[in-house]
Every structure is written in structure tokens, then in C-alpha cells.
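A short write-up of the structure that comes next.
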Amino acid sequence: MRIIGQIEHPQLKITVFKMENRISVKFENSQYEQTFKLGEDERLAGMESVEHLIDAQFMEQVQTNFTTMHQIRLAGFARAFPPQHEAGFETII
């Protein structure tokens with residue numbers, strides 16, 4: 001697998017990979033990552049066609065997925081580690 005390019009974005013790192021004839025696009029923010037394996041498709045011949053695919057609506061849905069991933073993580077932590085109620089302070093005499 002080799003990197004064939006990156007797509008500039010103000011909040012995300014977007015890397016485009018190619019292995020044989022298959023293209024993958026990885027989106028990363030500070031905590032999460034998503035990879036779209038686009039497979040073998042003659043319409044995706046290079047970076048220009050991948051950049052055409054990754055339009056504003058695609059990016060909006062990627063951002064929504066990151067929000068969902070974060071909510072899943074928070075809910076998992078809340079279930080696994082529920083807040084402990086403190087009994088209060090010790091009385092010091």
C-alpha cells in the first residue's frame with residue numbers, strides 16, 4: 001500500500017492510499033479515524049477523481065460519523081465506569 005496523496009482540510013487529515021488497483025481514503029481527527037475502502041473502480045484513476053468524490057456532502061457525513069463515534073465512546077465509558085458518589089469529607093478533629 002502506498003500513499004498517493006493528501007486532501008487539504010482545516011480540521012482533518014485526509015490521506016489517499018493505493019494498493020494494486022484499489023483506493024482507500026482515511027480521515028483522521030485528534031481522536032478517531034475512518035477509512036473508506038473504495039475498491040477497484042476505473043472511475044477512480046487518481047487523485048483528481050478521488051478529490052471529485054470527496055465533495056462537501058461526503059465531508060459533512062464524515063463529520064457526522066465522527067460525532068457519532070464520540071457519542072458511542074462517551075456512552076461506553078459511562079456504562080463501564082459509572083460516576084462514584086462520594087460519601088463526603090472525613091471529619092478531622
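Computed over heavy atoms, backbone and side chain alike; hydrogens, waters and symmetry mates excluded. Because the structure is predicted, anything quoted here is derived from the model rather than measured.
To the nearest 0.5 Å, the span separating CD1 on Ile14 from CG on Asn29 amounts to 11.0 Å. One finds the CD atom of Gln31 at 10.0 Å from the CE atom of Met69 (value rounded to the nearest 0.5 Å). Remark: Ile3 CD1 to Ser24 OG distance equals 12.0 Å, nearest 0.5 Å. A distance of 13.5 Å separates OG of Ser30 from NZ of Lys13, quoted to the nearest 0.5 Å. Separation of atoms NE2 (His9) and CD (Glu28) is listed at 13.5 Å; rounding is to 0.5 Å. Taken from CG in Asn65 to CZ in Phe36, the straight-line distance is 5.5 Å, to the nearest 0.5 Å.
Phe17 and Met47 fall into different hydrophobic clusters, where Ile, Leu, Val, Met, Phe, Trp and Tyr residues are linked whenever their side-chain heavy atoms come under 4.5 Å apart, directly or through other members. When the side chains of ILVMFWY residues are joined at heavy-atom separations under 4.5 Å, either directly or via intervening members, Ile7 and Ile4 end up in a single hydrophobic cluster.
No donor-acceptor pair closer than 3.5 Å links the side chain of Glu33 to the backbone N or O of Lys26.
Between Phe66 and Phe27, the ring centre distance reaches or exceeds 6.0 Å.
Contact check for Ile23 versus Asp41: no side-chain heavy atoms found under the 4.5 Å cut-off. Considering only heavy atoms from C-beta on, Leu53 comes within 4.5 Å of Leu38 through its side chain. Using a 4.5 Å heavy-atom cutoff, the side chains of Gln63 and Leu12 are in contact. When side chains are defined from C-beta on, Phe77 does not count as touching Leu74, because their heavy atoms never get closer than 4.5 Å. Two residues are said to be in side-chain contact when any heavy atoms from C-beta on lie closer than 4.5 Å; Lys37 and Arg22 fail this criterion.
When all heavy atoms of Ser49 and Ala45 are compared, the pair lying nearest together is OG-N, 3.1 Å.
Within a 6.0 Å sphere centred on CD of Glu48, other residues, nucleotides and ligands contribute 12 heavy atoms or fewer. Within 6.0 Å of the CD atom in Glu60, the count of heavy atoms belonging to other residues, nucleotides or ligands does not exceed 12.
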